[in-house]
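Reviewing the structure listed below.
Just follow the structure's listing: the first ligand is 1, and inside any ligand the first atom is 1.
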Amino acid sequence: MTGDDPYAIRRRGLMLVLSSPSGAGKTTISREILSRDARLEMSVSATTRPKRPGEVEGRDYFFVGEEEFRLRINRQELLEHATVFGHLYGTPRQPVEDALAAGRDVLFDIDWQGTQQLREAARADLVSVFILPPSTQELERRLKARAQDSDEVVAQRMAKAADEMSHWPEYDYIVVNHRIAASVAEVEAILTAERLRRERQVGIGEFVRGLREG
Ligand code: 5GP
């Protein structure tokens with residue numbers, strides 16, 4: 001619900017999806033927004049890809065084996081799932097459904113395939129944002145600066161980026177990430193506006209009735 005505020009209007013949470021080719025700055029933008037907004041929580045995906053240095057189980061991902069992942073698909077425990085760079089990735093269903101019902105918003109860092117599945121399953125709850133890098137050179141520079149992946153993986157991700165970027169028309173909003181601070185402000189503006197949509201303020205009828213009755 002909306003906490004202890006007696007004036008708070010009951011609302012339904014939304015699903016804010018951020019997608020981009022890797023290296024466009026999406027992870028940095030997500031972290032910044034999450035740290036500044038107590039009503040927003042991150043959806044932590046399950047994946048079969050190996051853990052990278054510095055990644056934490058349960059914070060960055062739930063790292064699981066392929067057999068376990070397939071079991072979760074069969075038990076319908078994932079809201080969506082897809083193969084990305086040869087590994088399985090998927091969104092655990094229960095935490096998302098609980099958050100939305102309680103009026104909290106959920107942030108997703110998932111690819112276009114997952115976004116398509118969420119759109120089919122829950123169009124009304126979905127707000128999708130595609131983040132583009134300012135240039136190809138900058139994208140390559142950012143991927144190399146990470147230095148967590150091998151040259152081969154960087155090359156593979158550059159090739160994949162062009163493909164990934166072709167999906168921009170499927171998204172509600174497009175943000176070109178020239179500067180992190182400006183992009184964060186833009187995504188926050190999207191979130192603020194989408195929270196104010198009439199359909200999401202499910203308690204608004206009751207509130208207006210109260211206003212009219214005095
Ligand atoms: P990375 O391995 O760099 O963490 O993520 C690779 C790609 O997988 C990113 O584009 C990311 O958005 C996507 N991804 C991460 N989690 C999920 C998920 O649960 N579902 C889908 N469809 N894509 C995901």
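Within 4.0 Å of ligand 1, contacts by protein heavy atoms are made from Lys26, Ser45, Arg49, Arg52, Tyr61, Glu80, Ala82, Val84, Phe85, Tyr89, Gly90, Thr91, Asp109, Ile110, Asp111, Gly114, Arg157.
Using a 4.0 Å cut-off between charged nitrogen and carboxylate oxygen, Arg70 and Glu67 do not count as a salt-bridge pair. The pair Asp105-Arg200 does not meet the salt-bridge criterion, since no charged nitrogen lies less than 4.0 angstrom from a carboxylate oxygen. No salt bridge links Glu206 with Arg209; every basic N to acidic carboxylate O contact stays at or beyond 4.0 Å.
A donor-acceptor pair is defined here as one N or O able to donate and one able to accept, closer than 3.5 Å; no such pair exists between the side chain of Thr83 and the backbone of Leu88.
Residues Gly103 and Arg11 share a closest heavy-atom pair of O-NH1, 2.8 Å.
Using cut-offs of 30° and 60° on the angle between ring planes, the pair Phe69 and His81 is perpendicular.
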